[in-house]
Amino acid sequence: MDTTCVGVWFIQVCHISSHGVSQQYSLPVSCSCGVPPSFLFDHQMKAKKPRPSSGHHHAQPMKLKGEWTLLVASVAHVAANGDASATLAALVASLRQFAASESLLAFDAQTAALRSVAHALATLRSAKTLSSADAATLYRIIADVAIPVFCDAFFCAQEQAARTVLLSIYSRIIESDKVLMPLLEIDASYVPLSQLVKSDFESRLSAFLALTSTTSAATSATDYSDIGKCCSILLNTLEWSVGLAVVTSKLSPMISSLVTLLTRVKREIDVTGLNDDALLLSQKTRACYDILRTIAALFAKLGSSDISERNAAKEVFSFLEMDPAWKEAANQLLQDCIQITFSDPRIYVRDCQFMGGIVTCWLLETLFPAADSAWIQPVFFNGKLDTSSNAIQILTKVVRESIESPDRFHSLLCFIRGILTTLNTKILSISSTSDSNPLFPHLYSLIIQVIDTSSDAPTRILAFKTLASWMCVLRDAVKSEVPLPSQEFVMNAVLKQCFDFVFTFWEDPVDSMMHKLKDVFGFMLEIVKLLRDGKEADGDPASFLRDIVDSLLNADWLRKVKYDLLAHLLTVVSPYEILSLRADFLTLCFDAMNTVSISSRISAFLIRFFAALFDDTAVCLDHLQSAIWINPLCHALTHPSVALRSALSESFLSTVFSGKRTHFQLLLATLQSSNNPHISTAYHLHASICVLKIGKTLGFLPADFFLAPATREFSNHVVTIAITHPDANVRADVCGLLCDSNRALAEPTGEELTYMRQFLGANGADSVSEFRMKLFGGVHKLICRMRRCLYANERDLVQAMKRGNEAEAGSVRERIEMKSSFLRWLMEFAVSYRCRQARLFRASHRHWYS
């Protein structure tokens, strides 16, 4: 035996025996068996502080303006007034903290000061003793100081985190109206705080947009970081309800500023192209992406798939079409977005192309509604070209070229995804005017064309992402009962082809491919479930499910896709339907778990399978029908493969039977009877030990199960034989059975300690490192549990003696003596193994035993 680890036991046992209640020790070395002292002792050490990351982004604090400090200083005297309420004093103190935060030169200090302001405003809701005078003072401070300072700070903050806190301050100010208004004398001069916030924010937003446009036009060199900050501020504004209302009223100047920025950046990119410095070109395309994302967010926030909301959004953006001053600019913006979408990906990165496709479709829907087919017919159906619009002519040309050129498939997909995002279910009603060919299936055929012919991995990933968007539109149409172009098309061709794609590309080396296919398969199952629950319950959906289940069951048992897709199918297909198609399904799954490379994947699937199987207790607990899961488990538990039995005993069984006491009792009874033909007698002992260990860990066995009539003969027999079994895995599981427990304060019984003495005497000198680690880990758990029990026994003994209950005190003393006797024996055992057959002894450890 490794004397180092024996010495650790010795120290632990001596400490428990001599002190009762121990202090935590920190050993200077690790054990030669590979077990660190932190594992061999109870984990009650203080957590170390994490080291700061070297690549951490250093946030920039905002520069405080002089007028902010003057405004805060004008109300500083309020805090000095002893008559001020706690809420009023806290608000003034937090304002002063913010005004002084710049001197600390730390973003965290400013953010903490802003949070303290938000907290002080939040306490207004719970203020119960606020006087009218304090309410009037609070109103003046908020109206004259807080609103001007923080509305201005929103447009000066460099970091999004600071703007997020400022938005919460705005919300608290608006909520404080409900508290202050009943306490104030309302007259004609009174203005609600919510109105003050909105008007002040609106005026500062107008000034910010005007400054952005003026700076962009006046300076010769464009600051692309300022463009990113501008777009980030506008995106944060859209997250706030009042900010969204302000944006709606200022939509025209906002769009004008963004168009001005986009035009300038695009012109600079087009002038230099690939001849530009790589870093500078990256900054330009990033700025272009930020502008397009902001424009897309404006359309998305003010638009919706809902018809009424879309009509309202169309009225909001009507100036793009109706205003003569805007009509030419809107068409130019549309042309720029089309050019960006279908540009060379070496110049405009693919993120720019993707966002350009989204904005292009929003503009098309605003300027040329798809219901009028002004651009749908020439672009997709070779219809008559509207020569009055240069943008439509350009779009028609580039789309037709992209369909024929595999190098431009990515741009085509960006455009198709934009159509699916903006039109949603409205697309189902659009078709060709010449042959009534619907647009929705036509887009599907284009997506499939890209998947079949493209060899570029990013393009294929985007194709599956676009296919997921197409399936999402189809799901929404089925859910809202929108008429589909062709029921047969949806039920047969599309679902079958999509499943073939999912099955074929699931194991693609590119990880993101599987995530996109998971979305596609998820939408497929939702569609099938909706159709099956509807009027077509006995039609094609049921047939399709049977076909894909049958395909997966016939697939190679060592393919990962088989178990991943079956796990997803459990949401719409019951385990009994799978077992009805193949009765030996579970047995074959357990046989495949013998392969280490796929064992964890199969285990994860089977855990979900058994959880769904056990939900139907009427069937799985029936004496006759329970064999569909008991027999495969017995086969797996007594399988010759060590890897399979280890996988089941380590985590699988404890997860499957967690909270399933009755199911566990059925399995235990089957193993006790030993007359099941699926049980291999050669490994019956190991299976019994594993099941007993899981039952004890989950609390399904009584504390005295070695003496209980139902399990006494069986448990004593298997433990006695297993202690000296030649298989190390069997002996390791016996150690777990004797040492583990479902409760930290579970009293070890006399039988467990007796068997533990026999086990240590027979196996203490084992030289296999893996077994030693399990042995020392198990003994460590037992010692820690006994220490906790001794603490509890000592407390119970003191209480019993105070009550004068000698019978109870005597019982507690017997339990203490039983554990103390084992600990004394363990000390003697550790000392006796100090030199005898000692291996890997280290001179540096001798002071442990001195």
*asked:* Rounded at 0.5 Å granularity, tell me how far CZ in Arg731 sits from CG in Asp766.
replied: 5.0 Å

*Measure the shortest side-chain to side-chain distance between Asp508 and Met514 over non-hydrogen atoms and say whether it is less than 4.5 angstrom.*
no

_Atom pair CZ/CG of Arg788 and Leu745 - distance to nearest 0.5 Å_ = 7.5 Å

*So do Leu760 and Val779 actually touch side chain to side chain, heavy atoms under 4.5 Å?*
yes

*Considering only heavy atoms from C-beta outward, does the side chain of Phe609 approach that of Leu579 to under 4.5 Å?*
yes

*Spacing of CG belonging to Asp740 relative to NZ belonging to Lys781, to within rounding of 0.5 Å*: 4.5 Å

*Between Leu738, Val719, Ile723, Leu753, which is the residue that forms a side chain to side chain contact (heavy atoms under 4.5 Å, CB included) with Gln758?*
Ile723

*Is the Phe759-Tyr755 ring centre distance short of 6.0 angstrom?*
no

_What's the separation between atom CD1 in Ile694 and atom CG in Leu737, rounded to the nearest 0.5 Å?_
10.0 Å

*Quick one: do the Arg815 and Ser811 side chains pair a donor with an acceptor below 3.5 Å?*
yes

*Plane angle bin for Phe652 and Phe590 - parallel if under 30°, tilted between 30 and 60°, otherwise perpendicular*: perpendicular

*Under 3.5 Å, is there a donor-acceptor pair between the Asn729 and His686 side chains?*
no

_Within-4.5 Å side-chain heavy-atom neighbours: Thr697 and Phe657_ = no

*Is Thr655 close to Phe610 at the side-chain level, that is, under 4.5 Å between some pair of heavy atoms?*
no

*Any side-chain donor near an acceptor of the partner, Asn793 and Glu747, under 3.5 Å*: yes

*Between Lys562 and Glu507, is there a side-chain N and carboxylate O pair less than 4.0 Å apart?*
no

*Is the His568 ring parallel, tilted or perpendicular to the Trp506 ring (thresholds 30°, 60°)?*
perpendicular

*Taking the side chain as every heavy atom from C-beta outward, state whether Trp629 and His663 have any pair of such atoms under 4.5 Å apart.*
yes

*Just how far is it from atom CG of Leu666 to atom CG of Leu671, taken to the nearest 0.5 Å?*
11.5 Å

_Validation row: Val730, Ile721 side chains within 4.5 angstrom (heavy atoms)_ = no

*Taking atom types as modelled, is there a side-chain donor on Asp727 or His725 under 3.5 Å from an acceptor on the other?*
no

_Heavy-atom check, side chain of Val528 versus side chain of Val572, under 4.5 Å_ = no

